[in-house]
2 protein chains.
Amino acid sequence: MIGAGIKRGTAELAVLSILEDGPLHGYEMARRIEEQTKGALRFTLAALYPMLYRMEQRRWIRGSWETSDNGRRRRCYRLTPAGKKKLSPLRQEWSELFQALRRLKKVANA
Amino acid sequence: MIGAGIKRGTAELAVLSILEDGPLHGYEMARRIEEQTKGALRFTLAALYPMLYRMEQRRWIRGSWETSDNGRRRRCYRLTPAGKKKLSPLRQEWSELFQALRRLKKVANA
DNA sequence: TCTGATATATAAGAATATTACATGTAAGGG
DNA sequence: CCCTTACATGTAATATTCTTATATATCAGA
């Protein structure tokens with residue numbers, strides 16, 4: 001698994017990305033992110049839930065209580081229009097960061 | 001410039017990378033990293049210095065006071081063998097993280 | 001002598017992460 | 001029926017890290 005220090009800041013992008021696929025509740029988000037990144041990205045639920053509240057306060061996502069088929073209550077989050085709008089510039093930033101780090105490496109190896 | 005939340009955790013890799021080129025003091029590190037990443041990565045010095053102490057405590061880098069030609073004292077940091085050893089797995093981790101995030105995006109866009 | 005660049009550092013507060021704690025339901029096996 | 005595993009959400013305490021502001025001091029040039 002990827003170390004703790006590294007994945008700082010990646011969680012928000014991961015959550016927004018996974019929600020682009022459709023509404024999801026926290027537990028399932030974590031499961032899918034772990035699955036789709038082949039275990040590379042895995043956050044503890046204790047880190048996830050507070051993060052979801054923060055993102056909800058910023059109006060990037062919106063949560064609503066739902067009852068699943070098996071009668072379990074769970075909080076289902078969906079992307080808001082604001083969150084959707086946030087997604088491409090956020091990806092752009094990440095992409096720039098990757099390039100920047102690659103440049104550093106290149107120079108160091110030259 | 002890249003947003004604050006994003007660059008979390010990137011600083012250590014950047015510092016180690018830049019020190020691979022040779023010993024440097026903090027101020028110059030910041031300048032070069034900013035230059036070589038074309039302004040994408042830029043950290044405030046107030047964030048840099050405490051980070052250098054942390055990395056020194058972990059024995060990844062070692063600092064020593066030097067006096068430059070113009071008589072100014074400055075703290076010159078160099079990679080330790082341990083820091084050098086840390087560098088490739090750290091890059092590996094980053095690379096995995098990038099791929100993981102790309103996978104998420106791919107799935108979301110599919 | 002004043003300003004801007006160089007150079008390092010700390011303090012206070014905000015944001016975030018980790019670990020541990022706390023609760024409860026459902027499904028399946030023994 | 002009981003136990004365990006998976007599902008599902010949360011809080012509290014603590015630790016770490018980041019930002020903003022402040023402080024110090026030298027040097028070069030106007």
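When reading the values below, keep in mind they use all heavy atoms of this one structure, side chains included, and skip hydrogens, waters and symmetry mates. So that the names make sense, note that chain A is the first sequence line, chain B the second, and so on, each numbered from 1. The shown structure was predicted, so the numbers you read here are calculated from the model rather than taken from an experiment.
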Engineer: Quick check with a 6.0 Å cut-off and a 45 degree axis cone: is R91(B) positioned over the face of W94(B)'s six-membered ring?
Structural biologist: no
Engineer: Choose from dT17(D), dA7(C), dG10(D) the nucleotide whose nearest atom is closest to any side-chain atom of Y53(A).
Structural biologist: dG10(D)
Engineer: Choosing from dC7(D), dA20(C), dA7(C), which nucleotide comes nearest the side chain of Y27(A)?
Structural biologist: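 Closest nucleotide among those given: dC7(D).
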Engineer: Do the side chains of E28(B) and R31(B) get close enough for a salt bridge, i.e. N-O under 4.0 angstrom?
Structural biologist: yes
Engineer: DNA chain C: W65(B) or R72(B), which has the more 5' nearest nucleotide?
Structural biologist: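 Per heavy-atom nearest nucleotide, the more 5' residue is R72(B).
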Engineer: Is any NZ, NE, NH1 or NH2 atom of the basic residue among E96(A) and R103(A) found under 4.0 Å from an Asp or Glu carboxylate oxygen of the other?
Structural biologist: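 Result for this pair is no, no salt bridge flagged.
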Engineer: Rounded to the Å, how far apart are Y77(A) OH and dG10(D) C1'?
Structural biologist: 10 Å
Engineer: When you measure from the side chain of R54(A), which nucleotide among dA7(C), dA20(C), dT16(C) comes out closest?
Structural biologist: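 Between dA7(C), dA20(C), dT16(C), the one nearest the side chain of R54(A) would be dT16(C).
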Engineer: Quick one: do R78(A) and E66(A) make a salt bridge, cutoff under 4.0 Å?
Structural biologist: yes
Engineer: Could you state the CG-P distance from L24(B) to dT6(C), rounded to the nearest angstrom?
Structural biologist: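 Those two atoms, CG and P, are 14 Å apart.
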Engineer: Side chain of P50(A) only, heavy atoms from C-beta on: which candidate in dT11(D), dT9(D), dT8(C) is closest?
Structural biologist: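 So the nucleotide nearest the side chain must be dT11(D).
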Engineer: Consider the side chain of A46(A), meaning its heavy atoms from C-beta on, and name the nucleotide among dT11(D), dT9(D), dT10(C) that approaches it most closely.
Structural biologist: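 So the side chain of A46(A) is nearest to dT11(D).
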Engineer: Whether K86(B) and E93(B) form a salt bridge (side-chain N of Lys/Arg under 4.0 Å from carboxylate O of Asp/Glu) is what I want to check.
Structural biologist: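 The answer is no: the pair does not qualify as a salt bridge.
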Engineer: If I take atom CZ in residue R31(A) and atom P in nucleotide dA8(D), what distance separates them, rounded to the nearest angstrom?
Structural biologist: 10 Å
Engineer: When the distance from CZ of R73(A) to P of dA26(C) is rounded to whole Å, what number comes out?
Structural biologist: 12 Å
Engineer: Between atom CE in M29(A) and atom C1' in dC7(D), what is the gap in whole Å?
Structural biologist: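 M29(A) atom CE is separated from dC7(D) atom C1' by 15 Å.
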Engineer: What's the CG-P distance between L52(A) and dT9(D), to the nearest Å?
Structural biologist: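 Rounded to whole Å, this separation is 9 Å.
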Engineer: Rounded off to whole Å, could you give me the CD-to-P distance for the E66(B) and dA7(C) pair?
Structural biologist: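 My rounded result for the distance is 12 Å.
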Engineer: Could you check how far CD of E28(B) sits from C1' of dA5(C), rounded to whole Å?
Structural biologist: 13 Å
